Structures are given as structure tokens and as C-alpha cells.
Number of protein chains: 2
Amino acid sequence: MALADADGIESLSMRKLAAALDITAMSLYYHLKDKEDLLDGMLDIVHSEFATPSAGDEWRAAMRKRAGSTRSVLAQHPWAISMKARTSPGPATLGHLDSVIGCLTAAGFSMAMTGHAMSILDSYVLGFAQQEASLPLDPSGDIGDATEAIMAQQEAMADSFKNLAAMAVSLILQPGYALGNEFDFGLELILDGLEVALLSDSVSLSQ
Amino acid sequence: MALADADGIESLSMRKLAAALDITAMSLYYHLKDKEDLLDGMLDIVHSEFATPSAGDEWRAAMRKRAGSTRSVLAQHPWAISMKARTSPGPATLGHLDSVIGCLTAAGFSMAMTGHAMSILDSYVLGFAQQEASLPLDPSGDIGDATEAIMAQQEAMADSFKNLAAMAVSLILQPGYALGNEFDFGLELILDGLEVALLSDSVSLSQ
DNA sequence: CGAAAGTACCATACGGCGTATGGTGGTGTC
DNA sequence: GACACCACCATACGCCGTATGGTACTTTCG
């Protein structure tokens with residue numbers, strides 16, 4: 001994982017991993033079935049780093065914490081993002097999901113509504129992490145260094161893509177703009193929506 | 001793209017692509033700088049398949065159409081999902097974004113709110129597509145074939161992951177459950193939230 | 001006309017990859 | 001003292017992306 005964080009997942013080879021461990025490539029195959037097996041294990045470790053709700057947590061706070069930690073963990077291990085859509089989950093992955101379901105049902109969510117909530121939250125956070133990872137931002141989230149590169153394309157865009165150009169100058173290039181702010185907006189919007197859905201859900205159940 | 005759709009992106013090599021075109025691998029390098037160049041081009045074509053809002057479209061309908069078409073296009077080209085987070089957008093990508101910005105600002109969204117709306121919608125749809133692609137579902141979205149495999153793990157899970165097991169039997173394995181239904185729930189929740197935000201946005205602007 | 005320039009393709013080769021096959025020496029057990 | 005097991009390794013095969021340096025054929029132009 002240190003190698004993948006430093007040089008990118010595509011440059012992690014069995015030979016390089018072995019060299020970092022002072023053994024040869026083939027020795028790895030005593031411990032691992034194949035490279036897939038290695039990646040599955042790495043992904044499960046990533047899942048173990050996500051904040052997991054404890055029994056009794058208030059659901060909104062728990063989901064906020066989970067979303068935030070997921071985002072920051074995935075920012076630290078960007079290679080995990082595209083792998084998250086991987087079949088064959090490990091124990092950490094399953095345990096994490098289990099706690100989330102427990103938290104939501106304890107808060108009064110029906111099983112169907114729990115499924116809805118997890119689907120929308122997970123999709124949002126995963127998608128956001130992926131978009132965030134694709135931007136040439138420094139870790140602060142500030143647009144910083146990229147500004148000049150964008151300004152260079154600015155003239156070419158002004159003709160063909162007027163709206164895009166307008167957004168660039170009046171929003172994205174403004175000092176203080178950071179994609180991180182967008183994350184909270186969307187997350188709160190979703191949590192608000194879920195709260196409403198939760199209310200009508202429990203009403204319909206109690207009738 | 002046909003090759004990537006059929007056999008997966010990881011099995012698309014310059015040699016195989018060349019063979020499919022009845023030329024040799026090195027001949028491709030007359031037309032392409034390198035393999036990255038090829039992938040960038042493929043991704044831009046995918047972007048051109050997304051439904052793009054026309055001037056004057058009602059924003060909710062336009063965003064619904066865009067989200068739905070994005071989802072189905074990405075389901076058809078699953079390899080594009082992990083590539084979507086790719087720097088160096090092509091003309092189709094930029095043109096698409098431009099139209100979306102135009103649609104939202106025309107509907108009364110401020111530039112900041114347009115940014116919020118695009119961020120949350122794009123994150124949600126992209127994340128959902130990624131999760132959808134990772135599930136072993138048949139194209140209908142029905143759980144179908146996977147049921148037996150899940151049932152086999154069922155006993156092992158019942159002990160360690162009680163909530164997960166409960167969700168499996170009472171929700172996911174129920175006949176008629178399909179992940180596709182989750183998509184619409186989340187999308188409408190987000191659109192509702194944006195509508196509320198749009199109203200308070202224009203109120204605060206008119207004051 | 002003939003030469004130069006440009007276009008589309010190709011043969012060969014290099015270093016890297018995942019991993020199949022078949023070892024090797026050290027340790028613990030009965 | 002025989003045997004099994006553990007952790008590691010040497011060699012080799014068939015892939016991969018692509019650097020280098022061609023080759024025919026067509027178009028352009030003095």
C-alpha cells in the first residue's frame with residue numbers, strides 16, 4: 001500500500017513489491033494466489049480504515065463521519081477508488097457494512113429505506129472521491145497551481161464553450177474556491193432528504 | 001470500443017486492436033501518440049453518447065434524462081467508469097459540460113448553485129454506475145443468478161454479520177428487488193433537494 | 001518530367017510484466 | 001534418522017507498450 005500510494009497502482013508490480021521486501025517475485029506466490037489476491041487484500045485494509053458507526057450513534061452524525069472518513073481515506077489511497085467496485089469483499093468490508101445497517105435500522109429506518117440510504121450515500125461519496133482524485137489539486141483542495149493552466153485554455157474555450165468559460169472565471173478560479181466545499185453541500189442535501197424520507201417511512205409503517 | 005465492451009478494457013492491447021484492424025501494432029503509432037491517447041479518445045466518444053440538454057429544456061427533466069442516459073451508457077461501457085476520472089478532456093466532454101451549465105443557469109441557478117448541482121449530480125451518477133458495474137447482475141438488473149451464490153455464504157454470514165444477513169434475506173433476495181429502483185429513489189431525492197435550494201437561492205438573490 | 005515531401009504501414013528488438021514449473025535449504029516432528 | 005513442511009528461489013514463457021529505423025505508394029511542385 002505504501003508503494004501504491006507513492007507511485008500509483010499501475011506501477012506496483014510483483015517484482016517491485018518483492019524487491020521492497022528483499023525477496024524475489026516468485027516468493028510472493030507462497031503467500032498469495034495471484035496479483036488479484038494481493039489487490040483484494042489491499043482493498044479490504046482500506047475498508048478497515050473507514051470510520052464505522054458504533055451501536056447507539058445518532059444516525060446523521062454517524063453517516064456524516066462515515067462519509068467524511070471515506071472521502072479522506074480514498075483521497076489518501078486514490079488507487080482504491082477504481083478498485084472499490086471489486087467483487088469478493090473481505091471481512092473488514094463486510095463488517096463495516098454490517099455496522100452501517102445496524103446503525104440505520106436502530107434509528108428507525110425500515111430495511112427498504114436502509115437500502116435506499118446506503119445506496120445513495122455510498123454512490124455519492126464514491127463518485128465524489130473519484131472526481132476529486134481526477135483533479136490536479138494540491139492537497140489543500142485549493143485550485144492553486146492549476147490556475148495558470150486553465151487560464152491558458154481560457155481563450156480557446158471562450159469561443160466554443162461560453163458557459164464553461166463563464167463558470168471558470170466567475171466561480172472556479174475565484175480565490176477560496178475549493179471542491180471540498182461542494183462535498184458538504186451535497187452530503188447535507190442528501191441527509192436532509194433522508195430525514196424527510198425517514199419520517200414519512202415511519203408514519204406509513206405506524207398506520 | 002467494441003473490443004473493450006466485449007472483453008474488458010484490461011484485455012485491450014495495441015496488438016489486439018491492430019489485429020482487429022488488419023494492421024500491425026506499430027502502425028497504430030502513426031495515428032496515436034501512445035496508448036493513453038487512445039484511451040482519451042475512447043472516453044471522449046463515450047461522453048458524446050450522453051444525452052445533452054437543449055436550450056430551453058426544463059431543468060429537472062433535462063437532468064433526469066442526462067442522469068439516466070449517463071447511467072445506461074456507462075453500463076454499456078463499464079470500462080469507461082474508472083477512466084472518467086481522467087485529466088485532459090476532449091471536445092465532446094467539454095461541449096457536454098457547457099450545455100449542462102447553460103441549462104441550469106437558464107433555469108435560474110446562480111453560478112455557485114450550478115456548481116453545487118453539477119457536483120452532486122455527477123458524483124451520484126458516477127458512483128452509482130460504478131457500484132452497479134461491480135455487481136454480478138444480469139442486464140435486467142434482477143438479482144437472478146447471483147442468488148444461489150449469496151445463499152451459500154448466507155450461513156457463514158449469519159453468525160458474524162447479523163445485520164448484513166438480515167438485509168440479504170429480507171430485502172435483496174426478495175423477488176423483484178433490483179438495484180435499478182435504488183437509482184431513481186436517490187435521483188429524485190437529489191432533484192427535490194436542488195429544487196428547494198434553487199428557491200432559497202433566488203429568494204436570497206432578489207433581496 | 002523528376003525530385004522532394006508526405007502518408008500509411010511495417011520488421012525487429014528491448015525491457016518489463018504476471019506467473020507456470022520445478023527446485024533448495026532450513027526447521028520441527030515422530 | 002526419516003520425513004514433512006515452510007519459506008524462498010532460478011529459470012523460462014508468452015504477453016505487453018513502444019523506440020528505432022525502415023519501405024512502398026501518392027501528392028506536390030519547380
Side-chain angles (χ1 to χ4, degrees), chain A residues 1-48 76-93 130 133-134 136, chain B residues 1-48 76-93 130 133-134 136:
Chain A
M1 288 176 63
L3 289 179
D5 289 349
D7 303 333
I9 191 74
E10 68 286 340
S11 101
L12 174 67
S13 70
M14 299 300 269
R15 284 168 162 89
K16 284 185 194 169
L17 172 60
L21 298 171
D22 270 322
I23 58 175
T24 69
M26 286 317 292
S27 305
L28 293 170
Y29 286 84
Y30 177 73
H31 308 274
L32 300 165
K33 189 182 159 299
D34 52 18
K35 193 177 184 182
E36 283 289 293
D37 196 16
L38 170 68
L39 297 176
D40 284 341
M42 289 169 66
L43 188 62
D44 203 48
I45 292 177
V46 169
H47 270 95
S48 76
Q76 215 159 81
H77 308 302
W79 45 267
I81 297 172
S82 47
M83 289 175 41
K84 261 212 94 196
R86 167 172 289 269
T87 23
S88 71
T93 310
Q130 178 157 159
S134 78
Chain B
M1 288 177 63
L3 289 180
D5 289 348
D7 302 334
I9 191 75
E10 68 286 343
S11 102
L12 174 67
S13 70
M14 300 299 268
R15 284 168 162 89
K16 284 185 194 167
L17 172 60
L21 297 170
D22 271 322
I23 58 176
T24 69
M26 286 316 292
S27 305
L28 293 170
Y29 287 83
Y30 176 75
H31 307 274
L32 301 166
K33 187 182 158 298
D34 52 18
K35 195 178 182 180
E36 283 290 292
D37 197 17
L38 170 67
L39 298 176
D40 283 341
M42 290 168 66
L43 188 62
D44 203 48
I45 292 176
V46 169
H47 271 94
S48 77
Q76 214 158 83
H77 308 302
W79 45 267
I81 297 171
S82 46
M83 289 175 41
K84 262 211 93 196
R86 167 172 289 269
T87 23
S88 71
T93 310
Q130 178 157 157
S134 77

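As a basis for the values below, the full set of heavy atoms in this structure was taken, side chains included, without hydrogen atoms, waters or symmetry mates. Chain identifiers are assigned alphabetically (A, B, ...) following the order of the sequence lines, protein sequences preceding nucleic acid strands; residue numbering begins at 1 within each chain. Just so you know, these numbers come straight off a predicted model, no measurement behind them.
Between B:Ser13 atom OG and B:Leu3 atom CG the span is 9.0 Å, to the nearest 0.5 Å. Separation of atoms OG (B:Ser82) and CD (A:Gln130) is listed at 7.0 Å; rounding is to 0.5 Å.
For A:His31 and D:dC6, the shortest distance from a side-chain N or O to OP1 or OP2 is not below 4.0 Å. Considering only side-chain N and O atoms, A:Tyr30 lies nowhere under 4.0 angstrom from the phosphate OP1 or OP2 of D:dC8. In this structure, B:Ser27 does not reach the C:dA8 phosphate: none of its side-chain N or O atoms is under 4.0 Å from OP1 or OP2. Phosphate contact (OP1/OP2 of C:dC10, side-chain N/O of B:Thr24, threshold under 4.0 Å): present.
At least one donor-acceptor pair under 3.5 Å links the side chain of B:Asp44 to the backbone N or O of B:Thr93. At distances below 3.5 Å, not a single donor-acceptor pair connects side-chain atoms of A:Lys35 with backbone N or O atoms of A:Met14.
Contact annotation: the side chain of A:Leu17 approaches that of A:Leu38 to within less than 4.5 Å [non-hydrogen atoms, C-beta and beyond]. Looking at heavy atoms from C-beta onward, B:Val46 lies in side-chain contact with B:Met1 at the 4.5 angstrom threshold.
Following rounding to the nearest Å, A:Asp22 (CG) and D:dC8 (P) show an atom-to-atom distance of 11 Å. With rounding to whole Å, B:Leu17 atom CG is found 14 Å from D:dC16 atom C1'. Atom P of nucleotide D:dC16 and atom CG of B:Leu38 are separated by 14 Å, given to the nearest angstrom. Atom CG of B:Leu39 is separated from atom C1' of D:dC16 by 14 Å (rounded to the nearest Å).
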**Prompt:** Once each nucleotide of nucleotides 15-26 of chain C is scored for protein heavy atoms under 4.0 Å, what B/S/- sequence comes out, 5' to 3'?
**Reply:** --BBBBB-----

